[in-house]
Amino acid sequence: MNDAAKAALDASARARASASASASAGPVVYWCDRDRRCANNDALGRAMELANERRVPLVVAMHVGTDLSGSGIGGARRAVFALKGLKELDEDLRARGVSTRTTTGSDVAGGIVETCETLNASAVVCDFSPLREGRAAREAVARVVEVPVIEVDAHNVVPAWVTSDKQEYAARTIRPKIHRNLGDFLTAPQALDDLIAAPDALTPSETDWDALIDTARVKGAHVPEVDWIKPGERAALAALLDPNVDSFLPQRLTLYGERNKPTSPRAVSRLSPYLNHGQLSPRRAAWEAAQLRGIVDDEAIDSYLEELIVRRELSDNYCLFNPYYDSLQGASQWAQDSLSLHARDVREYVYDYKTLERGNTHDELWNAAQKELYHLGRMHGFMRMYWAKKILEWTPSPEVALQTAIQLNDAYALDGLDPNGYVGCMWSIAGVHDQGWKERAVFGKVRYMNYAGCKRKFQIQDYVAAVDAEISGIGRK
Ligand SMILES: Cc1cc2nc3c(=O)[nH]c(=O)nc-3n(C[C@H](O)[C@H](O)[C@H](O)COP(=O)(O)OP(=O)(O)OC[C@H]3O[C@@H](n4cnc5c(N)ncnc54)[C@H](O)[C@@H]3O)c2cc1C
């Protein structure tokens with residue numbers, strides 16, 4: 001590993017708990033939760049480094065909880081995508097001589113503690129999540145295991161705690177903090193095999209991934225899988241870089257200037273499910289895009305890096321420092337006051353959850369966006385803003401609007417249950433990271449969007465027809 005990569009790896013880690021030095025000579029356990037990939041995974045890298053230093057084996061622990069059993073929110077769509085990715089990860093780790101252990105059940109922390117205790121682990125390395133369930137599970141593990149627990153942020157290019165120690169006001173305040181650290185963290189991808197020491201001699205435990213996938217399909221049948229995207233780390237790298245599969249880099253990045261036109265779907269990366277499921281490293285994606293200077297316009301590269309790094313990491317910052325990241329209480333005071341002043345304004349249309357879920361409103365554009373979400377598990381980024389803002393306009397109160405948008409997004413989006421989703425809904429409905437705009441009914445000072453604005457930007461009928469065509473294709477298959 002080069003010095004820059006080594007320095008970045010060290011700085012990505014922080015001690016979560018440092019219990020009295022353990023006498024155990026047991027393995028180092030990497031608890032793989034949010035970052036489910038072999039390559040370009042600083043948490044796995046740190047765990048391997050520690051195992052090498054101590055001359056003990058490395059074991060990767062995974063837990064298949066309610067969310068991955070299919071019965072959680074997101075159904076089979078999210079669960080099978082995740083499980084297929086974990087199956088591939090398991091095979092790739094074993095091929096490199098690294099053992100894995102999988103536990104199941106509703107108690108994530110309990111499963112990980114059980115693995116650590118059974119193996120008499122000497123240290124635990126976990127990845128990072130700013131969301132409350134992920135944080136609570138990490139805290140619970142750190143409280144119980146009597147060995148050092150090291151947390152590594154493998155999900156942000158610049159680790160969240162290096163960027164800032166407080167909630168950032170907006171992109172303009174976090175941007176300089178990220179950029180000042182990019183030189184240290186946007187380093188060349190490391191070769192994983194360089195890190196692996198002696199193969200581990202522990203008895204491998206077999207996980208029946210196919211049985212878990214079958215169960216998830218049955219339990220999660222209410223939200224079926226989608227077939228426009230292939231799960232797993234290899235498919236993620238191909239979607240980023242392999243020209244044989246119409247990858248995003250380099251050719252589609254040249255179209256990035258058109259990213260706000262839902263009628264130009266090739267202009268956006270559609271990589272968010274891979275980033276969300278930890279199957280693609282954001283640092284790898286950013287590094288590869290940055291290598292295209294001189295080949296692709298700087299403007300396209302800079303805009304992509306702004307979304308991938310600044311906007312995405314602003315979301316993690318918000319969820320890390322704001323305990324109310326998914327409720328109106330988390331909004332700025334100006335937005336809370338303004339929304340509450342307009343909470344009783346007369347709404348021209350009011351729809352219940354079922355009508356919205358089925359995409360049965362009076363607005364064909366909104367319905368198309370909702371059907372894209374419901375049937376395909378995705379929605380174009382520009383439409384997501386319009387979609388959430390109309391939910392504010394068409395539900396009885398801002399509280400119901402926020403809850404509805406989050407519920408629909410988490411239930412159907414393949415990239416849901418993510419800081420970007422909570423912040424996207426909070427930005428659209430509660431003005432988070434935005435400023436106050438001209439006051440109007442229902443929205444108060446929260447930024448407004450309307451059908452006429454969309455009509456000026458793109459051919460609405462083309463977008464509606466494209467969604468319809470893709471959905472009727474599902475029916476035919
Ligand atoms: C109401 C609403 C809900 C959203 N829900 C989600 C969600 O559940 N999961 C999710 O990952 N994103 C969500 N977003 C943010 C954004 O719309 C998606 O990240 C983007 O559309 C994903 O498509 P892409 O990968 O083609 O994006 P690209 O245009 O290719 O962008 C590159 C990457 O940058 C990041 N990114 C892009 N836009 C944003 C943004 N506005 N905020 C934060 N990061 C961004 C994503 O990781 C994305 O993959 C939401 C936005 C809104 C307004």
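Please read these numbers as outputs of a predicted model, since none were measured by experiment. Numbering starts at 1 and runs along the sequence shown. Just so you know, ligand 1 is whichever comes first in the structure, and atom 1 is the first atom listed for that ligand. Side chains included, hydrogens not; waters and symmetry mates left out as well; all remaining heavy atoms used.
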Looking only at heavy atoms, which two atoms of D434 and W334 are closest? And how far apart?
O-CZ2, 3.7 Å
What protein heavy atom sits nearest [atom], and how far away is it?
atom: atom 39 (C) of ligand 1; result: E307 OE1, 3.7 Å
atom: atom 8 (O) of ligand 1; result: N409 ND2, 2.9 Å
atom: atom 33 (C) of ligand 1; result: L308 CA, 4.0 Å
atom: atom 40 (C) of ligand 1; result: R311 CB, 4.1 Å
atom: atom 5 (N) of ligand 1; result: G421 CA, 3.2 Å
atom: atom 12 (N) of ligand 1; result: N420 CB, 3.1 Å
atom: atom 9 (N) of ligand 1; result: D415 O, 2.9 Å
atom: atom 50 (C) of ligand 1; result: R384 CD, 3.6 Å

Examine ligand 1 and decide if any of its atoms is less than 4.0 Å from a heavy atom belonging to [X].
X: A413; value: no
X: L271; value: yes
X: M385; value: yes
X: Y256; value: yes

When you compare ligand 1 with [X], is there at least one nitrogen or oxygen pair between them that comes in under 3.5 angstrom?
X: W387; value: no
X: R270; value: yes
X: S269; value: yes
X: L417; value: no

Consider only side-chain N and O atoms of D410 and Y422, and report whether a donor and an acceptor are under 3.5 Å apart.
yes
Side chains of S281 and N40: do they bring a donor and an acceptor to under 3.5 Å?
no
Hey, is the main chain of [Y] close enough, under 3.5 Å, to the side chain of [X] for a donor-acceptor pair?
X: R312; Y: N156; result: no
X: N317; Y: E168; result: yes
X: R283; Y: V157; result: yes
X: E299; Y: G257; result: no
X: N450; Y: G453; result: yes

Which atoms from ligand 1 have a heavy atom of [X] less than 4.0 Å away?
X: G381; answer: 17 (O), 21 (O)
X: S315; answer: 43 (C)
X: S272; answer: 11 (O), 22 (C), 23 (O), 25 (O), 49 (O)
X: S428; answer: 1 (C), 53 (C)
X: A388; answer: 1 (C)
X: L275; answer: 47 (O), 49 (O)

Could you tell me whether E258 and R266 make a salt bridge, using a distance below 4.0 angstrom between a side-chain N and a carboxylate O?
no
Taking the six-membered ring of W31 as reference, does the cationic atom of R138 (NZ for Lys, CZ for Arg) lie under 6.0 Å from its centre and within 45° of its axis?
yes
Against the six-membered ring of W228, is R270 placed for a cation-pi contact (under 6.0 Å from the centre, within 45° of the normal)?
yes
Between Y351 and H362, how do the two ring planes meet: parallel, tilted or perpendicular, split at 30° and 60°?
parallel
Out of Y304, Y412, Y274, whose heavy atom is nearest to atom 32 (C) of ligand 1?
Y304
Just to be sure I'm reading this right: ignoring hydrogens, which of P273, P265, A289, G424 gets closest to atom 2 (C) of ligand 1? Compare them by their nearest heavy atoms.
G424
Other residues, nucleotides and ligands only: do more than 12 of their heavy atoms fall within 6.0 Å of NZ on K177?
yes
Could you check, using the six-membered ring where one of them is a Trp, whether Y318 and Y325 have ring centers closer than 6.0 angstrom?
no
